[in-house]
Undergrad: 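I have a structure I would like to understand better, so I am pasting it below and will then ask my questions one at a time.
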2 protein chains.
Amino acid sequence: MNRERPYSKAIARLREAGLRPTRQRLALAKLLFESGNRHISAELLHGEARRAGIRVSLATVYNTLHQFTAAGLMNEIVVDPTRSYFDTNTAEHHHFYFVETGRLEDIPDGGVGPMELPEPPPGTTIKRVDVVIRLDGNDS
Amino acid sequence: MNRERPYSKAIARLREAGLRPTRQRLALAKLLFESGNRHISAELLHGEARRAGIRVSLATVYNTLHQFTAAGLMNEIVVDPTRSYFDTNTAEHHHFYFVETGRLEDIPDGGVGPMELPEPPPGTTIKRVDVVIRLDGNDS
DNA sequence: GTGATTGCAAATCTTTTGCACTAAA
DNA sequence: TTTAGTGCAAAAGATTTGCAATCAC
């Protein structure tokens, strides 16, 4: 790890994904990927970026999240009809959703036991299996 | 079953739910509940109602779907960030989602084997578990 | 009659798009 | 340079809301 070039990892990640490492992509990548798994909406990420002094428009945040998702760096999670969430954890895993606060949390590995899946209808293939456990009650 | 009063069942259903059986609620209830399990968006239901000669506004369709959901007659399913779907089947069950066409289909009972669920975080209780199997490929 | 319900249009909110400008290679 | 990426403001959708008119009881 090269401590003199704090962006080298992010740059490499973007290059591998075929994305030009621009100022705003780098800054967003740093926010997204360098503090563990994150579940975040475009609006929230935009706010966080501005607070961190990064000049970036909301439109660019949306574009960037979709580009990262298309490149396989993130996944989009659908749990709330009014807002899109993006997840930096691209491994197969499932979620707790705190209905009252709108917060998403990973279910620790092995939390949902292996399940028997049905045969997909003819002509189709399973792309992804999402399990969402909706929770009532106080967020932690 | 009283064949001379085709609305009696729908009227009873609404009354039990504490909803005044108005013209449009009755008509929508008939469309929704009298042809098996349905997965439908507000926009689609509105179109169907108009084609059936029912005069109802899109706003009322939205309101009605939410009232039916609050009354426990339906469930809202979240699979598509751009549209809300409502399901007339209120029993615990899971879904196939045809990504390319946006169609939802029930997974037959027993299709998803019983699964081991994690302990909900302290202070919370499980409200619902949703399993969505996203499918690529041709819709049937 | 009187209070709940409806329709319409306007408002709101999230997300996308068009296009001139800027920056990366 | 040359082309991809960005910002802004406007557009596009989906959904909600305010309020006068209408309907169920």
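No hydrogens, no waters, no symmetry mates; every other heavy atom, side chains included, goes into these values. Residue numbers begin at 1 in each chain, while the letters A, B, ... track the order of the sequences.
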Undergrad: Report the distance from atom NE2 of His46(A) to atom P of dC13(C), rounded to the nearest whole Å.
TA: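 From His46(A) NE2 to dC13(C) P: 17 Å.
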Undergrad: Whole Å only: how far is the CG atom of Leu14(B) from the C1' atom of dA4(C)?
TA: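 Interatomic distance, CG of Leu14(B) to C1' of dA4(C): 14 Å.
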Undergrad: Are His66(A) and Phe86(A), when compared by the centres of their aromatic rings, separated by less than 6.0 Å?
TA: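 Centroid distance His66(A)-Phe86(A): below 6.0 Å, so yes.
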Undergrad: Does a donor on one side chain and an acceptor on the other come within less than 3.5 Å for His93(A) and Asp87(A)?
TA: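 Indeed, the side chains of His93(A) and Asp87(A) share at least one donor-acceptor pair under 3.5 Å.
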Undergrad: Would you indicate whether the side-chain heavy atoms of Leu45(A) and Leu28(A) approach each other to under 4.5 Å?
TA: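 Answer yes - side chains close enough.
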Undergrad: May I ask you to test the Arg134(B)-Ile126(A) pair for a side-chain heavy-atom distance under 4.5 Å?
TA: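 Heavy-atom side-chain distance check fails, nothing below 4.5 Å.
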Undergrad: For the pair made of CG in Leu28(A) and P in dG5(D), what is the distance, rounded to whole Å?
TA: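 So the CG-P distance, Leu28(A) to dG5(D), works out to 14 Å.
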Undergrad: Rounded off to whole Å, could you give me the CG-to-C1' distance for the Leu19(B) and dC23(D) pair?
TA: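 Spelled out: CG on Leu19(B) to C1' on dC23(D) is 16 Å.
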Undergrad: Roughly how many Å is it from CD1 in Ile11(B) to C1' in dC23(D), rounded to a whole number?
TA: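 Computing the Ile11(B):CD1 to dC23(D):C1' distance gives 15 Å.
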Undergrad: For Val99(B), what are the other residues in its hydrophobic cluster, where any two members join if their side-chain heavy atoms are less than 4.5 angstrom apart?
TA: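 Reading the cluster by chain and number, Val99(B) sits alongside Ile77(B), Val79(B), Tyr85(B), Tyr97(B), Leu104(B), Val132(B).
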Undergrad: Would you mind reporting whether His95(B) and Ile133(B) have side-chain heavy atoms less than 4.5 Å apart?
TA: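 Answer no - side chains too far apart.
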Undergrad: How does each nucleotide of nucleotides 6-20 of chain D score, in 5' to 3' order, for protein heavy atoms under 4.0 Å: base (B), sugar-phosphate only (S), or none (-)?
TA: SBB-----SSBB---
